[in-house]
Amino acid sequence: MFQSEQKEAEELIHHYLEENGIPIPEAFQWGNVPFKGEWGISTSFFETAALEARSGKQINVPERAQEIAQDVSARLEKHRSFSRVEAVKGYLNLYFATGEFSRKVIAQVLEQRRDFGKGDPKGERVMVEFSQPNTHKAFHVGHLRSAILGDSICRIMDFAGYEVVRANYFGDIGLHVIKWLWNYMKYHAGEEPPQDTTRWMGDIYAEANQRLEENPDLESEVRELYARWDARDPEIVDLWQNTRQWSLDGFEDMYDTLNIHFDHLYANSQAEKPGQEMVKELIEEGIAEDLRPEDAVIVRIDELLGLEKEQYRVLVVLRSDGTALYATEDLALAKMKFTDYDLNKSIYVVDVRQQLHFQQVWKTLEIAGYEWAKRCEHLSYELVNLPGNVVMASRDGTVVLLEDLIREATARALEVVEEKNPSLRKQEKQNVAKTVGLGAIKYPLLARDNTKIVTFDWEKALDFNGQAAPYIQYAHVRANSILRRAWGLLPKAVTPPHELEPAEINLIERISQLPDDVGRAAEERKTLHITNTAYELARAFNKFYKQCPVLDAPPRVRKFRISLVVAARQAIANTLNLLGIEAPPVM
RNA sequence: GCCCCCGUAGCUCAAUGGAUAGAGCACCGGACUUCUAAUCCGACGGUUGUGCGUUCGAAUCGCACCGGGGGCGCCA
């Protein structure tokens, strides 16, 4: 926002240092002055002083930095761009006129509206693959992180200026599917899925595992069925297609509820054949070793790279019986993505346990000469566990189903809205409950660093107090409530006619940071920065709301504050949107 | 044996190598005749796991160690 002023100051600093024979560092690091109610940009002279010290002079670096800062500040004192200049502890702080800064920030939001915070187009196309559910299985809270994190990353990267292709890759083949089919054919033949399709699919899978555990002799029946599948027995393929669709329809409902959508769906099954083809080529090129029938087809990556220490190890790319593995399919999937779309980057939102796997697959592709392999990126995140660090497993039923979580959260939110706002119409209460319930579920998954394990706890998941989505949504509601009474008057941004209250200054400060936060979140692939911004915005607004009357203020102050409320509401709405959380008008 | 991640207030977590390490929860004490109290204000709370190093400056970077979790040939 202050590029030109910064550049001017930097030139003057250069002049001063040159004139006085002081060494000039390669680049000055500019930042914001730690905010204490006044805006400014800041740089320091530690590096300059350190350069002097290294050139042989006997210097105490912090003292010398302060000395330079003081001299430079004297030089800049009268500069018209800055309202105040100071030297503190080796830092040079250049302040701006508060009123003018405020006007500028609000003007920008009022002009850009939904686009406030948006980055310039990057001219890069990025595919983000996320969610990856397995058909014929339950969809539980453990699966939620990839879906919610991936969705938000897509929103953030899109907003930051990337062209984003949203992809899903579902697991529709494998042993788990065969077990499901076996149980269905033997004990549920002809049944149709009820309303709650995904739960029912999950139940049949869990039941299959239970039956096999109780009676291991039945394993032979499953193996027999697997063989029929491998031979593409029409009866089995038919059943597979139908039942697979049931799962996909169930997922579609779930994604609708979560407001998550995809541009492209990839299936495990469609990568199987192309994967086997690619392995064939790898063998022909001497990259993969075919040790069948005794052993599998493998790639000794470390040996190919001449690495002494084990790093990529050995990747098995095909089973000894010639059937495809996850790795086989991933070779093909990576290629399909770059063929289907001309990608600058291909991001995989997958949990941390598959880190080595991806490194192996992509390194193998690199060795095979696919130049795009280097543009694959693993956005790895930690698991969602149950208390006591128990991993959710659909096989032994230690799961919290997504449907149950949504239902509980919505019911709890309905209770609160009945209590807080009983006069709302029934339908409105329902809408609020859904919005608040879903927000409360999403927020904690986005507010943790990707590398941190999330422990799912019913009590915490249903706690709407404190640093949580409802707090932010409530700030939005309050802003909306003021504006509803302001008779739709939307004044232009003006220089405030009064001395700004700390709460106002603080709120404006938070709003002004949003564009930078978006860029950073996109580059680091961290939704955490946006949840922080959203929360801080809401906090600043709530303080403002308490301390600064808007509608009852004197006319000119009122006019300014209404414009500030419009800007704040917009900023909050924009951050919530990046998180995939709805901003309700009332609650 | 090799590799990855985590360790910050009682608990859950923040903090582009930068100025006095911050929030929420919990506990204690306050504020609704007011634009929605799903809110706000105050108090309490720290040897950033330990040691050494790099740096003008380290919670942040490097090395070693301690504690916890995860991954390492035909699961996904």
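First the proteins, then the strands, lettered A, B, ... as listed; each starts at 1.
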[X] has an atom [atom1]; how far is it from atom [atom2] of [N], in whole Å?
X      : N     : atom1 : atom2 : value
A/E459 : B/C11 : CD    : P     : 17 Å
A/L528 : B/U16 : CG    : P     : 9 Å
A/K546 : B/U39 : NZ    : P     : 12 Å
A/K309 : B/G1  : NZ    : C1'   : 11 Å
A/F464 : B/A38 : CZ    : P     : 14 Å
A/L305 : B/C2  : CG    : P     : 20 Å
A/E501 : B/C40 : CD    : P     : 18 Å
A/N421 : B/A37 : CG    : P     : 11 Å

By centroid distance (under 5.5 Å) and plane angle (under 30°), are A/Y91 and B/A19 in a stacked arrangement?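 Stacked: centres under 5.5 Å apart, planes under 30°.
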Pairing of [X] and [Y] as salt bridge, 4.0 angstrom limit:
X      : Y      : value
A/D290 : A/R292 : yes
A/R520 : A/E523 : no
A/K434 : A/E582 : no
A/E86  : A/R84  : yes
A/R145 : A/E382 : no

Please tell me which of the listed nucleotides, [options], lies nearest to the side chain of [X]?
X      : options             : value
A/Y471 : B/A38, B/G24, B/C40 : B/C40
A/R539 : B/G24, B/A37, B/U20 : B/G24
A/Q467 : B/A19, B/A23, B/A38 : B/A23
A/K452 : B/C6, B/A38, B/A19  : B/C6

[N] to [M] separation - [atom1] atoms, rounded to the nearest Å:
N     : M     : atom1 : answer
B/A59 : B/A21 : C1'   : 8 Å
B/C61 : B/U55 : C1'   : 10 Å
B/C11 : B/C32 : P     : 35 Å
B/U16 : B/G57 : C1'   : 16 Å
B/U33 : B/A14 : C1'   : 40 Å
B/G18 : B/A58 : P     : 11 Å
B/G7  : B/U47 : C1'   : 15 Å
B/C75 : B/A23 : C1'   : 42 Å

What side-chain donor-acceptor pairs closer than 3.5 Å can you find for residues 308-316 of chain A, not counting sequence neighbours?
unit_1	atom_1	unit_2	atom_2	d
A/E310	OE1	A/R313	NH1	3.2

Which nucleotide, if any, forms a Watson-Crick or G-U wobble pair with [N], using both distances under 3.5 Å?
N     : value
B/U60 : none
B/C13 : B/G22
B/C2  : B/G71
B/G7  : B/C66

Do other residues, nucleotides or ligands put more than 12 heavy atoms under 6.0 Å from the CG atom of A/D552? no
Across the strands shown, which category fits [X] at heavy-atom distances under 4.0 angstrom: base, sugar-phosphate, nothing?
X      : answer
A/K543 : sugar-phosphate
A/Y535 : sugar-phosphate
A/S42  : base
A/V417 : base
A/V586 : base
A/D517 : nothing
A/R448 : sugar-phosphate

Between A/Y545 and B/A37, is there a contact of a side-chain N or O with OP1 or OP2 at under 4.0 Å? yes
Closest-nucleotide 5' rank along RNA chain B - winner of A/T451 and A/R520: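 Closer to the 5' end of RNA chain B: A/T451.
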More 5' along RNA chain B: A/Q311 or A/M587, using each one's nearest nucleotide? A/Q311
Sequence-aligned protein contact record of nucleotides 70-76 of chain B, with B where the base is within under 4.0 Å of a protein heavy atom and S where only the sugar-phosphate is: SBBBBSB
Summary of protein contacts for nucleotides 54-61 of chain B, nucleotide by nucleotide, where a base hit scores B, a sugar-phosphate-only hit scores S (4.0 Å, heavy atoms): -SB-----
Is the gap between the ring centers of A/F358 and A/H378 under 6.0 Å?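 Yes, close enough.
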Syn or anti for B/G73? Use the chi torsion, O4'-C1'-N9-C4 for purines and O4'-C1'-N1-C2 for pyrimidines, with syn inside 90° of 0. syn
Would you classify B/C32 as syn or anti? Syn applies when the glycosidic angle is within 90° of 0. syn
Does either side chain, that of A/E504 or that of A/H498, offer a donor lying less than 3.5 Å from an acceptor on the other one? yes
Is there a donor in the side chain of A/H136 and an acceptor in the side chain of A/D172, or the other way round, less than 3.5 Å apart? no
Using only heavy-atom distances, decide whether a donor-acceptor pair under 3.5 angstrom links the side-chain of A/S44 to the base of B/A19. no
Check the pair A/F46, A/Y91 against side-chain contact (heavy atoms from CB on, under 4.5 Å), reporting the backbone distance first and the verdict last. CA-CA 8 Å; A/F46 297 109; A/Y91 289 87; 3.7 Å; yes
Anything under 30° is parallel, anything over 60° is perpendicular, the rest tilted; go ahead and classify A/F456 against A/W458. perpendicular
Within 45° of the axis and under 6.0 Å from the centre of the six-membered ring of A/F45, does NZ or CZ of A/R64 qualify?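 No; the conditions do not both hold, so A/R64 does not lie above the ring face of A/F45.
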